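All of these numbers come straight from a predicted model, not from anything done at the bench. In what follows, every heavy atom counts, from backbone to side chain, and hydrogens, waters and symmetry copies are set aside.
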Amino acid sequence: MKPYEIKNMIIDDEFNGEESVTADFTHNDKDYSITLKKEDLEIINAWVFEDGSSLPANLSGTMIESIREDIKKRI
């Protein structure tokens with residue numbers, strides 16, 4: 001079982017003239033959002049939502065790679 005669950009995914013073709021993919025997921029009972037370039041799945045940004053605020057997320061390389069693989073399968 002994966003340590004996270006993707007809840008929502010959006011492909012946006014209007015973000016800074018490039019296509020991007022944003023995935024919202026939960027991990028350890030917290031909500032996260034990660035945005036990647038669709039072309040090569042490089043990270044644009046990642047956020048964790050806590051106490052009504054959004055903060056930069058510190059995700060492990062292993063988790064990021066796992067999320068990339070999930071996104072590849074979905075697009």
Hey, can you pull the donor-acceptor pairs under 3.5 Å for the side chains in residues 56-68, sequence neighbours left out?
residue	atom	partner	partner atom	Å
Ser60	OG	Met63	N	3.1
Glu65	OE2	Arg68	NH1	2.4
Ser66	OG	Tyr4	OH	2.8
Arg68	NE	Leu41	O	2.7
Arg68	NH2	Leu41	O	3.4

key: Set of residues satisfying salt bridge (Lys or Arg N to Asp or Glu O under 4.0 Å) with respect to Lys37, sequence neighbours excluded   = none
key: Side-chain heavy-atom pair Lys38, Asp13 within 4.5 angstrom cut-off   =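 Sidechains of Asp13 and Lys38: no contact.
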Residues 23-32 side chain polar contacts: donor-acceptor under 3.5 Å, at least two apart:
residue	atom	partner	partner atom	Å
Asp24	OD1	Ser33	OG	3.0
His27	ND1	Pro3	O	2.7
Lys30	NZ	Glu50	OE1	3.3

inquiry  = Walk me through whether Lys2 and Asp70 qualify under side chain to side chain contact (heavy atoms under 4.5 Å, CB included).
reply    = CA-CA 11 Å; Lys2 294 182 182 163; Asp70 277 355; 2.5 Å; yes
ask   = From Ile34 CD1 over to Asn45 CG, what is the distance, rounded to the nearest 0.5 angstrom?
value =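 Ile34 CD1 to Asn45 CG: 8.5 Å, rounded to 0.5 Å.
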ask   = From Leu36 CG over to Thr22 OG1, what is the distance, rounded to the nearest 0.5 angstrom?
value = 7.5 Å
request  = Could you name each residue pair satisfying salt bridge (charged side-chain N to carboxylate O under 4.0 Å, His left out) that touches residues 52-64, not counting sequence neighbours?
outcome  = none
inquiry  = Is there a path of hydrophobic side-chain contacts, each under 4.5 Å between heavy atoms of I/L/V/M/F/W/Y residues, joining Ile43 to Val21?
reply    = yes
ask   = Among all residues two or more places apart in sequence or in another chain, which pass the side chain to side chain donor-acceptor pair (under 3.5 Å) test with Lys73?
value =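 Not a single residue meets the side chain to side chain donor-acceptor pair (under 3.5 Å) criterion with Lys73.
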task = Could you list who else is in Trp47's hydrophobic cluster, with ILVMFWY side chains joined at under 4.5 Å, directly or through other members?
result =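 Phe49, all in the cluster of Trp47.
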